[in-house]
Visitor: 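Here you go, one structure.
Naming convention: chains lettered A, B, ... in sequence-line order (proteins, then strands); numbering from 1 in each chain. Side chains are part of it too, since the values below use all heavy atoms of this structure and drop only hydrogens, waters and symmetry mates.
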Protein chains: 2
Amino acid sequence: MIAVKPRYQQLKDLIIERISRGELLPSDRVPSENELVESEKVSRMTANRALRELNNEGYVERVAGRGTFVADYRSRSHLVEVHNIADEIERRGHTHSSQVVRQSRQRARGEVAKALHVEQGTEVFHLLLVHYENGTPIQIEDRHVLTSFAPDCLAQDFEAVTPSAYLTGVAPLQEAEQVVRASMPIAAVRQRLQIDASEPCLVIIRRTWSGGRPVTFARLHHPGSRYELTGHYTPPGTSRAASGDVVRLEKLSQ
Amino acid sequence: MIAVKPRYQQLKDLIIERISRGELLPSDRVPSENELVESEKVSRMTANRALRELNNEGYVERVAGRGTFVADYRSRSHLVEVHNIADEIERRGHTHSSQVVRQSRQRARGEVAKALHVEQGTEVFHLLLVHYENGTPIQIEDRHVLTSFAPDCLAQDFEAVTPSAYLTGVAPLQEAEQVVRASMPIAAVRQRLQIDASEPCLVIIRRTWSGGRPVTFARLHHPGSRYELTGHYTPPGTSRAASGDVVRLEKLSQ
DNA sequence: CTCATCAAGTTGTATATACAGGCTAGTACA
DNA sequence: TGTACTAGCCTGTATATACAACTTGATGAG
């Protein structure tokens, strides 16, 4: 695209860039329309359009009389929905805990190498955790992460901060792809989820991009009898105006 | 909400209303900005904002130099993603067929009445179909529809036109809610899907609204070994501008 | 000290105006 | 006949201006 972007788009890019770089953190104040008029030499209507669209897209929250503020990741349902399993459980009023089974450096092969777009044998981090809701196993998280993306991955305490929360902090998610399946688990999975041989698993296989390339690949196994995936959709035109709170895809986390 | 809506929102509502009523059909021309200036006594910028937002929300397509046109339902990935199973299968280059097992009037009770917000015992339509991909069963569609929503439901040939396609034609979808589960099916389901007792099902339970109230409630059973749900998400700020084609939730159909 | 009032800054909306650029149909010209 | 061009309509953007409504903090009266 050689054509110059319109001015309002340049303003949007400018602010998204500052947010992505962590220069502006959630709930920080974003330059007001009049400040943008001065600093960027645009008319107020142009600044208004930029901030208004960023608001519609979920990047910022605007309050008449107060100002414009960087939206909390949590409320950014347009960006990849960032619920980690811990939040999800706590929102239900239950207690979350997790146990790290494996946290190691490992050579990617087969499916993993392919999913992460790396050569067979490339070193990646491997995490294996079991998440519990009120002491009952609810998810096995089997995750591979690009070493270049999160170099300090081995030093993290993932029983204190979930991988999802950690990875979100390392860099903003930009794209996600997931597959949901129903399947019978192997014995090792059954044992960790404490389910019997007749119970299926809801399996989510998720790949997440940042900076244009896949950075993490996760397989999440859930006991079929204790977990379900819910989604709720409302089109922008209708209830956006009415309720103001649109949830696009619940429980899609990193 | 007693407060009057802003003028640009009134214009949007006006046009959405015309589309919903079928007065404006896909690819029909929508009044131009200047026509709205005259007929609605607004400034061009206000008309511009209304049409621009309708464009962003997927209701219309705009072409500089030509005009504004009602978008094809199919391309409205913002509204509830309207893939019916037949399209999905044909896109894979396979052939779709279906068999109607039951198509009747029935009294709603229990879960169905609750889901559709009607009294126990209210008459609703009940559809039970099996969908096949290349002759192999891929989905059992167990659907209940409000009689007031689709009065001619019993007269339809659902082996020719899928319920999803029919219902989309009757009125536009406005809201959808779904739950995805993995579970072991009962014998009747196993038999219809031609699977053995050790195979789980991916079950989608979906409720769809139109005009502010639930109009259809569907339970979709898929063989776990032959079906998976895929989703791909790209945030608006990033690839919207880049690719221009954002798919929000694949395979979510009515 | 407390409460009411007010000023300043902010967003939200609406209008008038202007120019650039895309598309189409009809016209003029060869 | 056919081609080039242009007038007219369309969207897309940008600016200047105006007023309303909301929020906060300061100021002043009681």
Visitor: Apply side-chain contact (heavy atoms from CB on, under 4.5 Å) to A:Thr46 and list each qualifying residue two or more places apart in sequence or on a separate chain.
Guide: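 A:Arg7, A:Tyr8, A:Leu11, A:Val42, A:Ser43.
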Visitor: Whole-Å distance between C:dT11 C1' and A:Asn55 CG?
Guide: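 Taking CG of A:Asn55 and C1' of C:dT11, I get 10 Å after rounding.
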Visitor: Tell me, please, the opening and closing nucleotides of DNA chain D, 5' to 3', among those with an atom under 4.0 angstrom from a non-hydrogen atom of chain A.
Guide: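 Listed 5' to 3', the contact boundaries are D:dT13 to D:dT24.
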Visitor: Specify the separation, in whole Å, of atom CD of B:Glu53 and atom C1' of C:dT13.
Guide: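 That distance rounds to 12 Å.
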Visitor: What I'd like to find out is whether the side chain of B:Ser210 reaches to under 4.5 Å of the side chain of B:Phe149, using heavy atoms alone.
Guide: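 Heavy-atom side-chain distance check passes, below 4.5 Å.
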Visitor: Write down the distance between CE (A:Met45) and P (C:dT11), rounded to a whole number of angstrom.
Guide: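 Distance check: A:Met45 CE to C:dT11 P gives 13 Å.
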Visitor: Report the distance from atom CG of A:Leu54 to atom C1' of C:dT11, rounded to the nearest whole Å.
Guide: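 Those two atoms, CG and C1', are 15 Å apart.
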Visitor: Can a donor-acceptor pair be found between the side chains of B:His96 and B:Glu133 at a distance below 3.5 Å?
Guide: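 The answer is no; no qualifying pair exists.
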Visitor: Mind calculating the distance between CG (B:Leu11) and C1' (C:dT13) to the nearest angstrom?
Guide: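 Distance check: B:Leu11 CG to C:dT13 C1' gives 13 Å.
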Visitor: Could you work out, with side chain to side chain donor-acceptor pair (under 3.5 Å) as the rule, every residue matching B:Arg18, not counting sequence neighbours?
Guide: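 By the side chain to side chain donor-acceptor pair (under 3.5 Å) rule, B:Arg18 matches no residue at all.
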Visitor: Identify, with sequence neighbours excluded, every residue that meets side-chain contact (heavy atoms from CB on, under 4.5 Å) alongside B:Arg44.
Guide: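 Scan of B:Arg44 (side-chain contact (heavy atoms from CB on, under 4.5 Å), adjacent residues dropped) gives B:Glu33, B:Asn34, B:Val37, B:Asn48.
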Visitor: In whole angstroms, how far is the P atom of C:dG12 from the CD atom of A:Glu33?
Guide: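 Rounded to whole Å, this separation is 7 Å.
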Visitor: Nearest whole Å is fine: how far is C:dG12 P from A:Leu51 CG?
Guide: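 Rounded to the whole Å, the gap is 9 Å.
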Visitor: I'd like to know if B:Arg206 and B:Glu177 make a salt bridge, using a cut-off of under 4.0 Å between side-chain N and carboxylate O.
Guide: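 No, B:Arg206 and B:Glu177 are not salt-bridged.
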Visitor: What is the minimum heavy-atom distance between B:Val60 and B:Leu51, and which atoms define it?
Guide: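 Minimum heavy-atom separation between B:Val60 and B:Leu51: CG2-O, 4.0 Å.
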Visitor: Taking only residues two or more places apart in sequence or in another chain, which ones pass side-chain contact (heavy atoms from CB on, under 4.5 Å) with B:Glu38?
Guide: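 Partners of B:Glu38 under the side-chain contact (heavy atoms from CB on, under 4.5 Å) test: none.
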Visitor: Between the protein and nucleotides 20-26 of chain C, which nitrogen or oxygen pairs are less than 3.5 angstrom apart?
Guide:
{"unit_1": "C:dG22", "atom_1": "N2", "unit_2": "B:Gly65", "atom_2": "O", "d": "3.2"}

Visitor: Say whether B:Arg143 and B:Thr216, considering side chains only, have a donor N or O and an acceptor N or O under 3.5 Å apart.
Guide: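 A pair is found: one side chain offers a donor N or O, the other an acceptor, under 3.5 Å apart.
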Visitor: When the distance from CZ of A:Phe69 to C1' of C:dT10 is rounded to whole Å, what number comes out?
Guide: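 For the pair A:Phe69 CZ and C:dT10 C1', the rounded distance is 9 Å.
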